[in-house]
2 protein chains.
Amino acid sequence: MNRKEIQEERMKNYFIDATKEIITGEGIKALSVRSIAEKAGYSFATLYNYFKDVKDLIFYCVQDFSQECREYVVSRTENEERGIPKIKKIVKSYVEYMVQYPGIFDLFYVEKIATDGTSLSASDIVVKFIDELCEEELQYCIAQGTFRPGEAIEIMSNIRNSIIGILLLYMNRQHPKSYYDFVVSVNRQLDRIID
Amino acid sequence: MNRKEIQEERMKNYFIDATKEIITGEGIKALSVRSIAEKAGYSFATLYNYFKDVKDLIFYCVQDFSQECREYVVSRTENEERGIPKIKKIVKSYVEYMVQYPGIFDLFYVEKIATDGTSLSASDIVVKFIDELCEEELQYCIAQGTFRPGEAIEIMSNIRNSIIGILLLYMNRQHPKSYYDFVVSVNRQLDRIID
DNA sequence: TTTGAAAAATTAACATTGTTCAGTATATTT
DNA sequence: AAATATACTGAACAATGTTAATTTTTCAAA
């Protein structure tokens with residue numbers, strides 16, 4: 001990386017960090033080109049020298065957040081008993097993270113991010129995200145003979161769909177009303193799907 | 001209903017119908033106060049004489065659409081064999097309807113519709129919608145001894161969450177890529193959850 | 001060190017969005 | 001017919017994303 005690339009990278013990061021701060025802080029509704037630029041310490045027009053448009057900028061945030069979420073999940077689950085208990089714990093940690101940062105959930109699943117080919121990659125990251133978090137442990141279960149390979153795929157699909165559905169209803173439609181009921185509901189679903 | 005109320009009702013319907021046409025036709029992204037008013041044949045400002053704001057107007061559409069969807073599902077399932085096959089068919093018809101009108105799916109689950117108490121009712125309608133469609137047939141299954149009551153609740157939760165999740169990923173994140181794969185995926189999930 | 005051209009940053013502007021308000025036209029009542 | 005109430009509308013506002021023109025900064029060559 002030459003001098004110019006380093007500087008450009010740095011500038012990009014100023015905007016990316018500002019965006020991430022707003023999303024985790026005030027939430028996605030507070031996000032605007034102007035609010036980002038202000039937090040980054042530049043004019044809103046400067047942003048367009050480094051990103052094609054605001055969707056492009058947000059794409060970088062998706063990558064960063066998925067990495068952060070992955071780290072959170074790993075840190076919360078590394079000492080968990082392997083196999084089914086660990087899969088459950090991974091999913092629960094993932095849910096915790098999303099509830100903690102509703103803006104990230106919006107970004108991942110709710111916000112419309114693409115019509116053209118560029119952003120398909122953002123969709124790809126997001127769609128396979130839960131599966132990826134569980135991948136290693138699922139392989140472990142298959143190796144242990146807990147699941148057959150075909151069965152594992154079906155279980156994972158069911159977990160993925162259910163969790164995204166239940167999160168959407170909780171975050172976007174306030175159902176269930178309380179966080180406690182929500183957690184109970186998540187646990188029950190997981191028990192039903194896996195056991 | 002006196003003269004005045006009849007007229008007010010009629011005016012409301014002009015705007016509601018215009019909104020519904022745009023949502024089912026051009027989709028939710030084409031929806032604006034001005035596009036609605038133009039289609040209704042009035043100024044955009046007139047809209048505010050009949051609706052508190054655009055969210056209020058949209059609430060009426062949610063009610064109408066859920067009624068239309070209900071009728072669609074009934075018409076597609078009335079001759080189906082009762083019990084589990086009928087439940088599956090109801091859910092599949094519901095999914096068909098949503099895929100046909102992505103704007104309605106957006107409206108039901110994706111669009112942010114409320115912070116205050118008024119719109120909680122819109123959320124309520126939407127959250128319990130799939131459950132309600134299956135309610136009668138689920139009771140039939142319980143009466144037949146196919147499910148225990150507690151089990152039925154868990155199954156319904158799993159269906160609801162999974163279907164909303166799978167629809168969200170298909171509509172918002174183009175996963176699976178093809179409609180065929182999507183249908184296969186829906187069928188597999190249903191089989192897994194119910195059988 | 002000065003100069004001049006390339007790069008970067010900013011201001012101004014545009015087209016949309018939802019919403020409000022002051023005014024005008026229409027309908028109703030006296 | 002005049003007075004009053006109702007219905008409707010266009011202008012205006014604030015906020016949105018984006019683009020173009022313009023100013024400021026950078027930095028190598030003279």
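The sequence lines fix the lettering, A, B, ..., with proteins before strands; numbering per chain opens at 1.
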Sugar-phosphate, base or nothing in reach of B/Y50, heavy atoms under 4.0 Å: sugar-phosphate
Sugar-phosphate only, base, or nothing, as touched by B/V54 at under 4.0 Å among non-hydrogen atoms: sugar-phosphate
Aromatic ring pairing A/F182/A/Y170, orientation class (parallel under 30°, perpendicular over 60°, tilted between): parallel
Polar contact flag, side-chain donor to acceptor under 3.5 angstrom, B/Q67-B/R70: yes
Just how far, in rounded Å, is [atom2] of [N] from [atom1] of [X]?
| X | N | atom1 | atom2 | answer |
| --- | --- | --- | --- | --- |
| B/K4 | C/dT29 | NZ | C1' | 13 Å |
| A/E8 | C/dA8 | CD | P | 7 Å |
| B/L57 | C/dT17 | CG | P | 15 Å |
| B/Q7 | D/dT6 | CD | C1' | 11 Å |

Nucleic acid contacts of residues 14-26 of chain A, taken as heavy-atom distances under 4.0 Å to DNA chain D: none
Pairs touching residues 95-108 of chain A that satisfy side-chain hydrogen bond (donor to acceptor under 3.5 Å, both in side chains), sequence neighbours left out: A/Y72-A/E96, A/R76-A/E96, A/D106-B/K112
Nearest-nucleotide comparison on DNA chain D, the residue closer to the 5′ end among B/M11 and B/F44: B/M11
So if I take every side-chain heavy atom of [X] and compare against [options], which nucleotide ends up nearest?
| X | options | result |
| --- | --- | --- |
| B/R34 | C/dT11, D/dA12, C/dA9 | D/dA12 |
| B/A45 | C/dG18, D/dG10, C/dT10 | D/dG10 |
| A/D53 | D/dG10, C/dA8, D/dT18 | D/dT18 |

Residue-phosphate contact under 4.0 Å: B/T46 side-chain N/O, D/dT9 OP1/OP2: yes
OP1 or OP2 of D/dT16 under 4.0 Å from side-chain N/O of A/S32: yes
B/D181/B/R188 ion pair, N-O < 4.0 Å: no
Ring-ring centroid check B/F51 B/Y60, cutoff 6.0 Å: yes
Spacing of A/L138 atom CG and A/I153 atom CD1 [to the nearest 0.5 Å]: 9.0 Å
Cluster link A/L190 to B/M156, ILVMFWY, side chain under 4.5 Å: yes
